[in-house]
Amino acid sequence: MASDEPKAKKQKVSAEKKTESPTKKTHAELSPNSLFGMGNPLLDIIAVVDKDFLDTYSLKPNDQILAEDQHKALFEEMVKKFKVEYHAGGATQNSIKIAQWMIQEPHNIGTFFGCIGKDKFGDILKEKAKATHIDAHYYEQDEEPTGTCAACITGDNRSLVANLAAANCYKKDKHLDLEENWKLVEKAKVYYIAGFFLTVSLESILKVAKHASENNKLFCMNLSAPFICQFFKDNLMQVMPYVDVLFGNETEATAFAKEQNFKTEDIKEIAKKAQALPKVNTKRQRIVVLTQGKDETVCQSDTVETFPVLKIDPKDIVDTNGAGDAFVGGFLSELVMDKPMDQCVKAAHYAANVIIRRAGCTFPEKPDFKGQLVLCEPASGGTRKPFETRTVIRNGGGVEKPFSKVCMVK
């Protein structure tokens with residue numbers, strides 16, 4: 001397996017080609033608003049319900065659907081009849097709050113933009129986002145209600161009903177273009193937008209993506225779902241030349257490959273072909289990161305690397321719906337501190353492993369993520385510098401030459 005092969009050089013995700021790597025950041029050195037996300041904010045409403053409630057709204061016990069007219073009253077009735085929990089949700093917002101949770105302090109490392117309604121659920125969403133210590137700045141309008149996602153739990157089953165509503169109403173000219181908001185965009189070093197937002201405001205995505213490219217910052221995107229690759233591929237491919245880090249899972253990657261006529265279903269080959277797509281900022285190589293559930297994660301930059309996921313007993317898995325968002329959040333938490341790719345993936349696997357043990361995209365008060373012990377050789381005549389070439393043992397594999405020092409990478 002490729003992950004058992006010795007690797008003498010760490011791929012630094014954020015390194016420019018042919019330039020020296022900057023000093024590695026620590027949590028304390030991070031500035032507020034270093035990480036920027038924009039997407040579809042949803043208020044997650046979670047409750048244990050009964051079969052009658054599912055039957056009333058024609059819901060299957062274990063399913064994911066978009067709300068139709070018959071489901072519009074579901075959300076208010078759920079709040080009135082059952083004990084509910086509220087959480088700030090939506091794919092991108094989930095990833096930003098996971099990144100902040102992994103970092104812990106300082107607060108407000110992550111900025112988030114999206115659209116909500118001027119209503120009770122909007123007020124709750126603002127409160128819940130603030131509680132996760134992200135700096136959420138919502139465009140508030142009164143034409144559509146705040147987007148919601150009901151998680152109806154019966155036993156071990158979970159039926160999800162999402163009503164995007166206001167999340168579909170984000171307007172570039174009404175929010176992103178405002179001077180005070182654009183200043184927050186400019187403060188960021190790393191940007192992340194899930195593919196779902198391609199259905200809402202392509203012009204907003206392109207403005208942020210072009211800013212990142214022109215200023216040699218990192219722009220990250222997620223394929224998010226097969227339907228994005230299939231039915232919004234024109235929008236996706238308008239943004240692709242600006243993408244520095246592309247995320248996806250095996251199902252999304254296969255759909256993307258089919259639409260792009262890659263003529264392969266091999267995940268490593270798909271990663272290679274996606275990495276080679278045209279790119280505006282040639283100072284950075286694109287990184288493609290593809291997950292495969294319980295199977296190894298594939299990362300393609302100049303070469304392909306694979307990373308085994310953390311093992312988990314199937315009986316400990318509660319809910320896998322937030323796994324992808326958590327993976328990205330963990331990855332971003334290290335990326336924003338200029339960590340090498342294998343450390344970003346390690347944090348991503350840790351975050352996903354925590355989240356799938358819980359209902360919804362929720363987490364304990366603090367992470368228990370430890371730095372990775374690697375075996376490395378310092379530079380000749382001195383101490384190893386951040387991101388310096390080092391000899392690594394992974395998963396019991398061999399090394400190219402004897403190690404002389406154990407280094408802790410946090």
Side-chain angles (χ1 to χ4, degrees), residues 1-3 5 11 13 39-40 64 91-92 95 191-200 202 205-206 209 212-213 218-282 284-309 320-332 335 341-342 344-345 348-349 352:
M1 190 166 66
S3 58
E5 296 172 4
Q11 172 66 38
V13 181
N40 300 335
Q64 301 179 57
T92 300
S95 294
Y191 302 83
Y192 173 67
I193 299 176
F196 293 121
F197 203 58
L198 289 165
T199 72
V200 176
L202 174 62
I205 299 175
L206 285 172
S213 180
L218 278 161
F219 182 78
C220 313
M221 195 158 200
N222 203 315
L223 296 175
S224 293
F227 81 87
I228 296 294
C229 304
Q230 295 161 343
F231 305 115
F232 294 89
K233 63 180 178 181
D234 290 343
N235 288 5
L236 176 60
M237 297 315 291
Q238 284 189 57
V239 179
M240 190 61 68
Y242 304 99
V243 175
D244 296 299
V245 183
L246 179 67
F247 296 101
N249 64 30
E250 74 275 29
T251 306
E252 297 153 4
T254 302
F256 180 71
K258 183 177 180 180
E259 293 299 322
Q260 298 302 315
N261 199 29
F262 284 173
K263 296 181 179 178
T264 181
E265 293 186 356
D266 180 87
I267 295 300
K268 291 180 183 178
E269 282 299 308
I270 293 171
K272 184 177 180 180
K273 289 178 180 291
Q275 193 273 341
L277 289 170
K279 192 170 185 298
V280 172
N281 181 10
T282 57
R284 297 183 185 274
Q285 286 191 319
R286 179 180 291 122
I287 306 293
V288 178
V289 183
L290 301 178
T291 60
Q292 303 182 90
K294 63 181 176 57
D295 296 326
E296 62 193 12
T297 294
V298 174
C299 299
Q300 173 74 47
S301 52
D302 52 344
T303 59
V304 66
E305 291 189 70
T306 59
F307 301 89
V309 302
T320 60
N321 282 300
D325 298 341
F327 178 94
V328 171
F331 194 103
L332 294 174
L335 183 60
M341 184 166 67
D342 69 329
C344 293
V345 176
H349 284 162

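Here the structure is a predicted model, which is why all the values come from computation and not from measurement. Quick note: numbers below take in every heavy atom, side chains included, and nothing from hydrogens, waters or symmetry partners.
- Evaluation of the ring pair (Phe, Tyr, Trp, His ring centres under 6.0 Å) rule for Phe327 yields His349 as partners, not counting sequence neighbours.
- At least one side-chain heavy atom of Lys279 sits less than 4.5 Å from a side-chain heavy atom of Asp244.
- The shortest heavy-atom contact between Leu206 and Tyr242 is CD2-CE1, 4.1 Å.
- Taking 4.5 Å as the limit, every side-chain heavy atom of Val288 sits out of range of all side-chain heavy atoms of Lys272.
- Classified by interplanar angle (parallel below 30°, tilted 30° to 60°, perpendicular above 60°), the ring pair Phe227/Phe196 is tilted.
- The closest donor-acceptor contact from the side chain of Asn235 to the backbone of Leu198 lies under 3.5 Å.
- With contacts defined as side-chain heavy-atom distances shorter than 4.5 Å, the pair Phe247/Leu223 does not qualify.
- Two residues are said to be in side-chain contact when any heavy atoms from C-beta on lie closer than 4.5 Å; Leu290 and Asn249 fail this criterion.
- Distance check, rounded to the nearest 0.5 Å: CZ of Arg284 to CD1 of Ile287 gives 10.0 Å.
- By the 4.5 Å heavy-atom criterion applied to side chains, Arg286 and Val245 are not counted as neighbours.
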Compile the donor-acceptor pairs under 3.5 Å between side chains in residues 253-265 and protein atoms, sequence neighbours left out, one pair per line.
| residue | atom | partner | partner atom | Å |
| --- | --- | --- | --- | --- |
| Thr254 | OG1 | Glu250 | O | 2.8 |
| Glu259 | OE1 | Lys233 | NZ | 2.9 |
| Thr264 | OG1 | Asp266 | N | 3.1 |

TODO: Just do the side chain to side chain contact (heavy atoms under 4.5 Å, CB included) check on Gln285 and Asp302 with the steps written out, would you?
DONE: CA-CA 7 Å; Gln285 286 191 319; Asp302 52 344; 3.4 Å; yes
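- Taking each heavy atom of Ala271 and Val298 in turn, the nearest pair found is CB-CG1, 4.1 Å.
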TODO: Run the numbers on Asn40 and Thr92 for side chain to side chain contact (heavy atoms under 4.5 Å, CB included), then give the verdict.
DONE: CA-CA 7 Å; Asn40 300 335; Thr92 300; over 6 Å; no
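- A 4.5 Å side-chain heavy-atom check between Asn281 and Pro241 finds every atom pair outside the cut-off.
- Nearest approach of Ser224 to Gly195, heavy atoms of both residues: OG-N, 2.7 Å.
- A 4.5 Å side-chain heavy-atom check between Thr306 and Thr297 finds every atom pair outside the cut-off.
- For Phe219 and Tyr192, the gap between ring centers reaches or exceeds 6.0 Å.
- Once rounded to the nearest 0.5 Å, the distance linking CZ of Phe307 with CE of Met341 reads 4.5 Å.
- Without hydrogens or angle criteria, Ser95 side chain to Asp325 main chain gives a donor-acceptor distance under 3.5 Å.
- A pairwise comparison of heavy atoms in Val289 and Cys299 identifies CG1-SG, 4.0 Å as the closest pair.
- With values rounded to the nearest 0.5 angstrom, Gln275 atom CD is found 10.5 Å from Leu246 atom CG.
- Scanning both residues, Val280 and Ser213, for their nearest heavy atoms gives CG1-OG, 3.6 Å.
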